[in-house]
Amino acid sequence: MAESIARGVVKSGVLPASRIRTAHHRPQRSSAFESFGVTVFEHNHQVIPDCDVVVLSVKPQIVKDVALELKPLLSEKQLLVSVVAGVKLKDLQEWAGHTRFIRVMPNTPAAIGQAASVISLGATATEEDGELVSRLFGAIGKVWRANEKLFDAITGLSGSGPAYIYLAIEALADGGVAAGLPRELALGLASQTVLGAASMAINGGKHPAQLKDDVASPGGTTIAGIHELEKAGFRGILMNAVVAAAKRGKELSPN
């Protein structure tokens, strides 16, 4: 995620690579950042002194240790941003001794500049801070702002959602193969169909139900397929998946 953010910020012109620092122990990760001009340090504390915005992009299991490590080095002038899944602002603020914090929930399509990111401002983060972070994450996709209490539901929908769509693409392709298509053609058609349908939902100016009705002519092939999906509870299954993932996210939260 950190690499996706950095690449997006540089590619969009929001910041030059020379203004970005990171710390990594693994040579492979260091090389990935160095390949587009980012300065890489060996230790986290080396990143802090000349940074206005500090992004915590680590595993949830170690974020407390990282925040405690950085705590003595942080100043009120610095904005902290967390993309750590499942860890609440109140905990981050307590560990870092710092309330100028913004929490962000992006998702994996950040890697190709198509993330869905949601931000929530901490206790002393300003509107200007929110606008800055929106610009940073706007470089890797679309950004929404929401109350942190909604983040478990957001995790269940957009955080976990790409996996549901990959499963749907795989199933559509398998259906194509079952109907006689070569595997490569079936997968290409399934992927492009999902991409095109999503683009219509975003840019078409119509509710998804209307877009569905536009495809389904009376007594035609589409309504026959929709009938099978409805008999299997397709919509209910997707709704249940989002709710289950949101519930699991809440269970995994430290508090």
Side-chain angles (χ1 to χ4, degrees), residues 1-108 110-111 113 115 117-141 143 145 148:
M1 187 61 68
E3 182 186 346
S4 297
I5 296 166
R7 285 187 182 276
V9 165
V10 171
K11 185 177 180 180
S12 67
V14 173
L15 278 178
S18 60
R19 294 274 304 279
I20 303 173
R21 284 98 173 83
T22 188
H24 280 285
H25 297 297
R26 291 185 295 162
Q28 183 179 5
R29 300 304 306 131
S30 298
S31 297
F33 281 93
E34 289 170 341
S35 69
F36 61 100
V38 171
T39 300
V40 181
F41 293 110
E42 209 172 316
H43 303 287
N44 289 330
H45 65 82
Q46 294 172 286
V47 176
I48 303 302
D50 59 347
C51 285
D52 300 316
V53 180
V54 179
V55 179
L56 302 181
S57 181
V58 297
K59 297 294 184 185
Q61 297 89 335
I62 66 168
V63 67
K64 181 177 181 179
D65 292 337
V66 172
L68 291 172
E69 174 194 352
L70 300 182
K71 184 175 181 178
L73 307 173
L74 297 171
S75 74
E76 292 181 2
K77 295 180 179 180
Q78 289 171 314
L79 172 63
L80 272 64
V81 177
S82 171
V83 296
V84 181
V87 182
K88 292 183 171 62
L89 279 167
K90 66 181 183 65
D91 294 316
L92 293 164
Q93 291 171 166
E94 179 184 341
W95 298 333
H98 200 81
T99 58
R100 194 179 165 206
F101 235 117
I102 293 181
R103 184 180 171 192
V104 186
M105 170 59 69
N107 61 6
T108 55
S117 300
V118 183
I119 72 172
S120 181
L121 276 59
T124 61
T126 65
E127 277 300 310
E128 290 77 12
D129 292 335
E131 290 169 8
L132 171 61
V133 172
S134 292
R135 288 201 302 274
L136 292 175
F137 283 84
I140 56 166
V143 181
R145 204 183 285 199
E148 190 187 20

Check whether any side-chain heavy atom of [X] sits under 4.5 Å from a side-chain heavy atom of [Y], and report yes or no.
X	Y	result
I48	F41	no
R7	S35	yes
L56	L70	yes
L80	L92	no
V83	I5	yes

Using every non-hydrogen atom in the two residues, find where [X] and [Y] come nearest and quote the distance to one decimal.
X	Y	result
S134	R145	OG-NH2, 4.4 Å
L74	A96	CD1-O, 4.0 Å
A139	V14	CB-CG2, 4.4 Å
E3	A32	OE1-CB, 3.8 Å
G8	I140	CA-CG2, 3.7 Å
V104	S117	CG1-CB, 4.2 Å

*Determine the sole option in T126, T124, D129 for which the side-chain hydrogen bond (donor to acceptor under 3.5 Å, both in side chains) test with R100 is passed.*
D129
As an exercise, state the distance from [atom1] of [X] to [atom2] of [Y], rounded to the nearest 0.5 Å.
X	Y	atom1	atom2	answer
E76	H98	CD	NE2	7.5 Å
L79	C51	CG	SG	11.5 Å
D52	L132	CG	CG	9.0 Å
L73	Q46	CG	CD	11.0 Å

_Neighbour count >12 (heavy atoms, 6.0 Å) for atom CZ, R21_ =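 Atom CZ in R21 is packed in, count exceeds 12.
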*Around atom CD of E128, are there more than 12 heavy atoms of other residues, nucleotides or ligands at under 6.0 Å?*
yes
*Evaluation steps, side chain to side chain contact (heavy atoms under 4.5 Å, CB included), between S82 and V87*: CA-CA 9 Å; S82 171; V87 182; 5.6 Å; no
_Please determine whether a side-chain nitrogen of the Lys or Arg among E148 and K90 lies less than 4.0 Å from a carboxylate oxygen of the Asp or Glu._
no
*In sequence, state the C-alpha distance, the side-chain angles, and the governing distance for I20 and F33, and then conclude on side chain to side chain contact (heavy atoms under 4.5 Å, CB included).*
CA-CA 10 Å; I20 303 173; F33 281 93; 5.9 Å; no
